[in-house]
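Quick notes on the structure that follows.
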Amino acid sequence: MPTNHLLIRGKVQGVFFRATAKKLADKYGLRGWIKNSKEGNVEATISGREDQLKLFINWCKQGPDKALVEEVIVIETVDMIFNDFKVIK
């Protein structure tokens with residue numbers, strides 16, 4: 001399955017970004033992971049169909065209500081297989 005790595009910059013920690021992303025990933029049938037980075041950003045690696053990936057990436061550009069997303073960097077990576085979508089703490 002196509003896999004993308006995302007770097008989401010802005011006010012994205014402490015606004016339920018990861019929890020909301022998990023709900024959406026499960027809804028869209030995506031697999032992979034999401035975590036906070038040390039730099040104050042959010043990182044994710046997601047795998048799924050192109051249409052599912054596009055929906056998720058578009059949501060990441062807005063994020064949950066209290067987020068202020070400045071930038072989403074999308075990097076296509078080697079296809080990976082994940083069992084589910086996890087929030088890494």
Side-chain angles (χ1 to χ4, degrees):
M1 293 218 146
T3 304
N4 290 330
H5 183 77
L6 309 178
L7 177 60
I8 303 134
R9 293 186 173 152
K11 183 184 176 208
V12 292
Q13 291 189 12
V15 296
F16 298 99
F17 201 103
R18 294 174 301 152
T20 308
K22 163 81 169 124
K23 289 179 186 176
L24 284 173
D26 290 344
K27 176 182 175 182
Y28 297 151
L30 294 167
R31 296 175 183 220
W33 55 264
I34 191 163
K35 69 177 184 175
N36 287 338
S37 72
K38 295 175 191 170
E39 298 79 23
N41 304 309
V42 170
E43 290 186 63
T45 296
I46 55 173
S47 182
R49 293 190 329 256
E50 289 294 335
D51 59 324
Q52 297 165 321
L53 294 172
K54 190 173 190 176
L55 286 170
F56 186 83
I57 292 166
N58 284 338
W59 175 83
C60 286
K61 292 176 181 177
Q62 299 298 314
D65 290 338
K66 295 185 180 188
L68 288 169
V69 178
E70 295 173 4
E71 180 179 32
V72 177
I73 299 170
V74 180
I75 302 166
E76 291 183 24
T77 65
V78 178
D79 293 357
M80 296 182 198
I81 298 173
F82 299 98
N83 293 326
D84 55 9
F85 192 88
K86 294 182 182 182
V87 174
I88 299 174
K89 304 209 180 212

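Bear in mind that the values here come from a model prediction, so they are computed numbers and not experimental data. No hydrogens, no waters, no symmetry mates; every other heavy atom, side chains included, goes into these values.
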[atom1] of [X] to [atom2] of [Y]: how many Å apart, nearest 0.5 Å?
X: K11; Y: E70; atom1: NZ; atom2: CD; value: 11.5 Å
X: M80; Y: R31; atom1: CE; atom2: CZ; value: 15.5 Å
X: E39; Y: R9; atom1: CD; atom2: CZ; value: 9.0 Å
X: I73; Y: I57; atom1: CD1; atom2: CD1; value: 12.5 Å

Using a 6.0 Å cut-off, check whether atom CZ of F82 has over 12 heavy atoms from anything other than its own residue.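 Yes.
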
For D79, does the CG atom sit with more than 12 other heavy atoms under 6.0 Å from it, leaving out its own atoms?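 More than 12 within 6.0 Å, yes.
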
Shortest non-hydrogen separation from [X] to [Y] and the atoms involved:
X: P64; Y: T20; value: CB-OG1, 4.0 Å
X: F56; Y: A21; value: CE1-O, 3.5 Å
X: N41; Y: I8; value: CB-O, 3.2 Å
X: V15; Y: K66; value: CG1-O, 3.5 Å
X: V69; Y: C60; value: CG2-O, 3.4 Å

Kindly work out whether a path of hydrophobic side-chain contacts (I/L/V/M/F/W/Y, heavy atoms less than 4.5 Å apart) joins [X] to [Y].
X: V87; Y: F17; result: yes
X: V42; Y: V74; result: yes
X: M1; Y: I46; result: no
X: L24; Y: F16; result: no
X: I75; Y: L7; result: yes

Checking K23 now: which residues fulfil side-chain contact (heavy atoms from CB on, under 4.5 Å) with it, not counting sequence neighbours?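 If we apply the side-chain contact (heavy atoms from CB on, under 4.5 Å) test to K23, skipping adjacent residues, there are no hits.
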
Taking the side chain as everything from C-beta on, heavy atoms only, tell me whether D51 gets closer than 4.5 Å to K54.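 The answer is no; the side chains never approach within 4.5 Å.
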
Given side chains that start at C-beta, do those of W33 and S47 come closer than 4.5 Å, heavy atoms only?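 When only atoms from C-beta onward are counted, S47 and W33 do not touch, as no gap falls below 4.5 Å.
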
Okay, side chain of E76, backbone of T3: is any donor-acceptor separation there less than 3.5 Å?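 The answer is no, because no donor-acceptor pair under 3.5 Å joins these two groups.
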
Side-chain (Q52) to main-chain (Y28) donor-acceptor, under 3.5 angstrom: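 Flag set: sc Q52 to bb Y28 pair under 3.5 Å.
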
Verdict with supporting geometry, K22 and I34, side chain to side chain contact (heavy atoms under 4.5 Å, CB included): CA-CA 8 Å; K22 163 81 169 124; I34 191 163; 5.5 Å; no

Derivation and outcome, side chain to side chain contact (heavy atoms under 4.5 Å, CB included), residues T45 and H5: CA-CA 4 Å; T45 296; H5 183 77; 2.8 Å; yes

Working note: I88 + E43, criterion side chain to side chain contact (heavy atoms under 4.5 Å, CB included); need CA distance, chi angles, decisive distance, verdict. CA-CA 10 Å; I88 299 174; E43 290 186 63; over 6 Å; no

